[in-house]
Amino acid sequence: MQHPLASAVNAWYRENARDLPWRRDGFSAWGVLVSEFMLQQTPVARVIPYLERWLERWPSPRDLAAVPAGEAVREWANLGYPRRALWLHRAAEQITEVHGGVVPRDVESLLALKGVGDYTARAVAVFAYGDRHPVVDTNTRRVIARAVHGMGEPAPPSAPRDLGDMEALLSDDDIEARTFNAAAMELGAIVCLARSPRCAECPVRGLCRWVAAGAPAYAGPRKSIQKRYEGSDRHVRGLIMAELRAADIPVTAQEITRLWPDAAQRDRALAGLVADGLAVETGSGYVLP
DNA sequence: AAGCCGTGGCT
DNA sequence: TAGCCAAGGCT
């Protein structure tokens, strides 16, 4: 009653899944939500210690909502993309105010939370609550591109198409569907790698259209290249944020001036951080919100 | 809707 | 080395 590909990947997953905190029995829905925020564009290995510290300090959305957003940003430390900390704090406030402190279960309510998009909403509904939805992340998209479409890399993301592709593979059974959502991601994360896929170890190499076609090189449109970090506005923002996190008193404009020589770029970065709500100007300097 | 948003590890 | 990449989302 299940797609052969899903059946085989699930069997592999049951034997080979990594033991990750959010897969432990009884891990809370809040814990799943926090983990998904942290995992956005950030590798699993870097997330784990941050996640454990975070949940020890704020075991529920209400606990996080009770402290200033700046505390969340400081605890976020070097995880990167500090807006995620701000948004997670905002989401905790929304959960506390609108949902009685309980992480919502339906995708629509989850999507209304700040910082929660198509992936994260479905990941929470499926992995925290066990409901049946397609969950598609970058790993799943790559697995489907190769195994189903015979392409070396996925086409640019398209939610309707990606979710439809996944839906076509998903069992009617909630548990099998949930397992496959996790298993497709896991396969992409540890076997069907972007750079050097380990096809020799792949449980579905015999079903893979890309392998059957001789693993042809990707010929589609190139992904837009990430701009160089060194010397970028993001770099300057990162320097300023590190200074704000380290300080327990306001950081003066003069201290910020010392962080970067180019005044125009520095001003742009600082103004951007203020506009984003990551920095707040006071009479004596800048502080976390 | 393309560009922007941190940080660090890997090749 | 320098680029590529990592459980995305927002504007």
Side-chain angles (χ1 to χ4, degrees), chain A residues 13 17-18 20-23 27 31-51 73 76-88 90-91 110-128 133-144 153-154 156-159 162-163 166 178 180-190 192-197 218 221-245 265 268-269 271-273 275-279:
Chain A
Y13 180 80
R18 291 168 294 176
L20 300 174
W22 45 90
R23 293 176 180 163
F27 200 73
V32 172
L33 181 64
V34 174
S35 75
E36 296 299 350
F37 265 82
M38 291 184 168
L39 287 163
Q40 291 169 7
Q41 298 288 284
T42 306
V44 166
R46 277 185 60 207
V47 161
I48 290 174
Y50 284 87
L51 176 66
V73 174
W76 200 262
N78 297 318
L79 249 191
Y81 291 142
R83 292 195 288 195
R84 291 183 293 167
L86 215 50
W87 293 341
L88 179 53
R90 177 67 191 131
L110 286 160
L111 282 171
L113 301 176
K114 191 68 178 177
V116 173
D118 271 320
Y119 164 75
T120 302
R122 289 176 174 77
V124 170
V126 171
F127 301 133
H133 304 280
V135 180
V136 179
D137 80 328
T138 185
N139 292 306
T140 299
R141 295 179 56 249
R142 186 171 56 252
V143 168
I144 289 176
E153 296 176 27
S158 152
D162 295 340
L163 292 171
M166 191 58 174
R178 179 180 189 273
F180 184 61
N181 277 313
M185 290 166 61
E186 187 76 349
L187 189 69
I190 67 182
C192 194
L193 304 175
R195 295 288 199 84
S196 44
Y218 177 69
R222 293 305 317 173
K223 278 177 289 198
S224 65
I225 14 156
Q226 196 170 20
K227 259 176 53 179
R228 173 188 187 79
Y229 180 71
E230 193 69 25
S232 67
D233 284 8
R234 299 162 78 174
H235 186 177
V236 183
R237 286 171 58 107
L239 292 174
I240 296 172
M241 286 307 297
E243 192 75 10
L244 295 182
R245 285 195 304 267
Q265 195 179 13
R268 191 164 61 239
L273 291 173
D276 289 346
L278 283 165

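Just so it is clear: chains get the letters A, B, ... in the order the sequence lines come, proteins before strands, and each one is counted from 1. Both backbone and side-chain heavy atoms feed into the values below; hydrogens, waters and symmetry mates do not. Every value quoted in this text rests on a predicted model; they were computed, and no experiment measured them.
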Would you classify [X] as touching base, sugar-phosphate or nothing, given that sugar-phosphate means primed atoms plus P, OP1 and OP2, and contacts are heavy atoms under 4.0 Å?
X	answer
Trp76(A)	nothing
Ser35(A)	nothing
Ala194(A)	sugar-phosphate
Thr120(A)	sugar-phosphate

Is a side-chain N or O of [X] found less than 3.5 angstrom from the main chain of [Y], in a donor-acceptor match?
X	Y	result
Arg122(A)	His133(A)	no
Arg141(A)	Asp162(A)	no
Gln265(A)	Gly231(A)	yes

Practice problem: Between Val116(A) and Arg18(A), name the one whose nearest nucleotide on DNA chain C is closer to the 5' end. | Solution: Arg18(A)

Quiz item: Hey, which of these two, Glu186(A) or Leu111(A), hits DNA chain C nearer its 5' end, going by closest nucleotide?
Solution: Glu186(A)

Quiz prompt | Pairing of Asp233(A) and Arg237(A) as salt bridge, 4.0 angstrom limit | solution = no

Using atom [atom1] of [X] as one end and atom [atom2] of [N] as the other, report the distance to the nearest whole Å.
X	N	atom1	atom2	value
Leu88(A)	dG8(C)	CG	C1'	14 Å
Lys114(A)	dG8(C)	NZ	P	19 Å
Asn139(A)	dA7(C)	CG	P	4 Å
Met185(A)	dG8(C)	CE	P	8 Å
Asp118(A)	dG9(C)	CG	C1'	10 Å
Arg23(A)	dA7(C)	CZ	P	12 Å
Arg141(A)	dC5(C)	CZ	P	13 Å
Leu33(A)	dA7(C)	CG	P	19 Å

Would you please say whether a donor-acceptor pair under 3.5 Å links the side chains of [X] and [Y]?
X	Y	value
Asn181(A)	Arg178(A)	no
Gln40(A)	Tyr119(A)	no
Arg245(A)	Asn78(A)	yes

Taking atom [atom1] of [X] and atom [atom2] of [Y], what is their separation to the nearest 0.5 Å?
X	Y	atom1	atom2	answer
Trp22(A)	Leu51(A)	CH2	CG	6.5 Å
Thr42(A)	Arg84(A)	OG1	CZ	3.5 Å
Asn139(A)	Ile144(A)	CG	CD1	11.0 Å

Practice problem: Can you tell me which stems DNA chain C forms, taking runs of 3 or more consecutive Watson-Crick or G-U pairs with both distances under 3.5 Å? | Solution: B:2-5 with C:8-11, B:7-11 with C:2-6

[atom1] spacing across the pair [N] / [M], given as an integer number of angstrom:
N	M	atom1	value
dA7(C)	dG3(B)	P	23 Å
dA1(B)	dC10(C)	C1'	11 Å
dG9(C)	dG8(B)	P	23 Å

Practice problem: For each nucleotide in nucleotides 4-11 of chain B, reading 5' to 3', give B when a protein heavy atom comes within less than 4.0 Å of its base, S when such contact involves only the sugar-phosphate, and - otherwise. | Solution: SBBBS---

